[in-house]
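Below is one structure, written out as C-alpha cells; the observations come after it.
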Amino acid sequence: MAGANGTVLLLNPVQELAVDCNTPTQRYIHKGGDEDIDVSPPVIDISVIDLSSIQTSSPSAEKELEKLRTSLASCGCFQVIVHRIGRDFFALPLKEKAKWSRTAEDTEGYGNDSELSEHQLLDWNDRLYLVTNPQDQRKFQFWPQNPENFRDILQEYTEKIILLNEVVLKALSRSLNLKENCFLDQYGENPNMVTRFNYYPPCLRPDLTLGVKQHADGSAITFLLQDNEVDGLQVLKDDQWFSVPTIPNALLVNVGDQVEIMSNGIFKSPMHRVVTNPKRERTTVAVFCSPDPSRYIGPAEELISDASPRLYKKIKNYVGIFFENYQLGKRAIEAVKM
Ligand SMILES: O=C(O)CCC(=O)C(=O)O
Ligand SMILES: [Fe+2]
C-alpha cells in the first residue's frame with residue numbers, strides 16, 4: 001500500500017483480517033507448547049493504591065507505602081484510579097487510519113507487527129505507537145488529527161502521566177526506606193515516554209493465538225489503561241498465569257526491567273501476555289516511561305551489601321538493549337546481570 005507522499009506503508013491490520021476470515025492464519029497460531037493457551041486462569045488480586053495519601057506524612061501514608069512495597073515485591077504491579085482517554089481512533093475506516101501509518105523507515109505510527117523473519121509468530125493486535133516525550137522528539141506526521149481532539153487529549157494525558165511517574169518513583173524509593181529522589185535522580189530531567197494504543201479485534205481461536213506474546217516491559221514504569229469491559233491481560237507469578245481484573249478507570253502500574261535493575265531485583269518486572277477474545281474487541285493504552293537513554297542507571301548503592309550483592313551492571317540506553325534482545329527472543333535483563 002502506498003502512503004500519501006509515496007512512502008511504502010507496511011499495513012496489514014489484524015482488524016481487517018478479523019473481518020475477512022473465520023480462523024487466524026498459521027502465522028498467528030501458537031503451537032508446539034505443552035498446552036493450549038488458558039484464556040481464563042485464576043484472577044490475581046492486585047492492590048489499588050491511594051497515591052494522594054502517600055504524598056502526606058500521615059500514618060495512612062505508611063500503611064499505603066507498605067501495601068505498595070508488598071504488591072511490587074510479589075507481583076510487580078498495582079492499580080490507581082484515573083479518567084479514561086479517547087479510544088475512537090481504531091473505529092475509523094482503514095483509509096483514514098492509514099494516513100498515520102508506520103513506514104518502512106520508522107517504528108512509530110499505526111500498524112501491526114513488523115515481519116522481521118518468516119518464523120516470527122505475530123501478535124493479534126494493531127497499534128498506534130508514538131513517542132510523546134521529550135517533546136522535541138515528537139513525530140507529528142504520525143499523530144492522528146482524527147478524532148479531532150486526539151492530539152490535545154494525548155498531550156493532556158502525557159502531562160498527567162509525567163506527574164504520576166514522579167509520584168510513583170518517589171513512592172517506590174520511600175517504600176524501600178531510600179531517599180525520596182533515589183530512583184528519580186537516575187532518570188534525569190526528562191523521562192522518555194512512548195505511548196502505545198493497542199487494539200485487539202475479536203479472534204475465533206483464543207486457544208491458539210495471543211494478543212501480545214509473553215514479555216516483560218523494557219521501561220522503568222508502565223502505566224496501562226485497560227479496556228473498561230473486556231479483560232485479556234495475564235501476569236505470570238510463581239510460574240502460573242493469572243488474569244488481571246479490569247477495574248473501570250483504573251490504571252495498572254507495573255514496573256519494567258529498569259526498576260527491577262534500580263531496586264537490585266527487589267521489585268520484579270513481571271512477565272505478562274494478552275489473550276484474545278472470541279466475541280469482543282479490546283482497546284488499551286500503555287505508556288512506557290524510561291530514564292534519559294544517555295544516562296547510566298544501576299542498582300541503588302544503598303541496597304547493596306554483603307547480604308544482598310549487586311545483581312545488575314550499570315548500563316545506559318536499556319531500551320536499545322531491550323529491543324536487540326527482544327528480536328532474538330531473549331530477555332534483555334539476563335544480558336545485564338553481573
Ligand atoms: O494491552 C494490554 O493489556 C497489555 C499490553 C502490553 O503488555 C504492552 O503493550 O506492552
Ligand atoms: Fe507489556
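Predicted model, so just to flag it, every value in this text is computed and none were measured.
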Query raised in the report: Is there a side-chain contact between Asn125 and Val274 (heavy atoms, below 4.5 Å)?
Result: no
Query raised in the report: When rounded to the nearest 0.5 angstrom, what distance separates CD in Glu301 from CZ in Arg310?
Result: 5.0 Å
Query raised in the report: Distance-only, no hydrogens or angles: does the Asp227 side chain make a donor-acceptor pair with backbone N or O of Val230 under 3.5 Å?
Result: yes
Query raised in the report: Has the side chain of Ser101 got a donor or acceptor atom that lies under 3.5 Å from a matching backbone atom of Lys97?
Result: no
Query raised in the report: Nearest heavy-atom pair of Cys77 and Ser71: which atoms, and what distance?
Result: O-OG, 2.8 Å
Query - Identified ring pair (Phe, Tyr, Trp, His ring centres under 6.0 Å) counterpart of Phe150 within the set Trp100, Phe197, Trp143 - result: Phe197
Query raised in the report: Do other residues, nucleotides or ligands put more than 12 heavy atoms under 6.0 Å from the CD atom of Gln240?
Result: yes
**Report entry** side-chain hydrogen bond (donor to acceptor under 3.5 Å, both in side chains) assessment of Asp292 paired with Ser294
**Finding:** CA-CA 6 Å; Asp292 178 340; Ser294 66; 2.9 Å; yes
Query raised in the report: Ignoring hydrogens and geometry, is there a side-chain-to-backbone donor-acceptor pair from Asn181 to Leu184 under 3.5 Å?
Result: no
**Report entry** Verdict with supporting geometry, Lys160 and Glu156, salt bridge (charged side-chain N to carboxylate O under 4.0 Å, His left out)
**Finding:** CA-CA 6 Å; Lys160 290 199 170 126; Glu156 207 181 297; 3.6 Å; yes
Query raised in the report: Does NZ in Lys213 sit with more than 12 non-hydrogen atoms of other residues, nucleotides or ligands closer than 6.0 Å?
Result: yes
Report task. Return yes when atom NZ of Lys337 has more than 12 non-hydrogen atoms of other residues, nucleotides or ligands closer than 6.0 Å, and no otherwise. Result -> yes
Requested in this report: Over 60° means perpendicular and under 30° means parallel, so classify the ring planes of Phe90 and Tyr110, tilted if in between.
Outcome: tilted
**Report entry** Separation between NZ of Lys63 and CG of Leu68, rounded to the nearest 0.5 Å
**Finding:** 14.5 Å
Report task. First locate atom CE of Met338, then atom CG of Asn264, and finally report the distance between them rounded to the nearest 0.5 Å. Result -> 9.5 Å
Report task. Please say whether the positively charged group of Arg273, taken as NZ for Lys or CZ for Arg, lies over the ring of Trp241, i.e. under 6.0 angstrom from the six-membered ring centre and within 45 degrees of the axis. Result -> yes
Query raised in the report: Rounded to the nearest 0.5 Å, what separation is found between the NZ atom of Lys316 and the OH atom of Tyr296?
Result: 4.5 Å
Query raised in the report: Can you check whether Thr246's main-chain N or O pairs, donor with acceptor, with Gln226's side chain at less than 3.5 Å?
Result: no
Query raised in the report: Applying the side chain to side chain donor-acceptor pair (under 3.5 Å) test to Tyr199, which of Glu281, Arg282, Arg127 qualifies?
Result: Glu281
Query raised in the report: For the residue pair Tyr326 and Phe323, does the interplanar ring angle fall in the parallel (under 30°), tilted (30 to 60°) or perpendicular (over 60°) class?
Result: perpendicular
**Report entry** Donor-acceptor contact below 3.5 Å, side chain Ser305 vs main chain Ala307
**Finding:** yes
Query - Pair Asp257 + Arg331: basic N to acidic O under 4.0 Å - result: yes
Report task. Measure from the side-chain N and O atoms of Arg69 to the backbone N and O of Glu64, and report whether any donor-acceptor pair falls under 3.5 Å. Result -> no
**Report entry** For Val212 against Tyr200, the heavy-atom pair lying closest together
**Finding:** CG2-OH, 3.3 Å
Query raised in the report: Above 12 or not: heavy atoms from other molecules or residues under 6.0 Å from CG of Asp136?
Result: yes
Report task. For residues Ala300 and Phe183, report the shortest heavy-atom separation together with the two atoms involved. Result -> CB-CE2, 4.3 Å
**Report entry** From CA spacing to verdict: side-chain contact (heavy atoms from CB on, under 4.5 Å), Trp124, Leu17
**Finding:** CA-CA 10 Å; Trp124 192 260; Leu17 200 66; 3.8 Å; yes
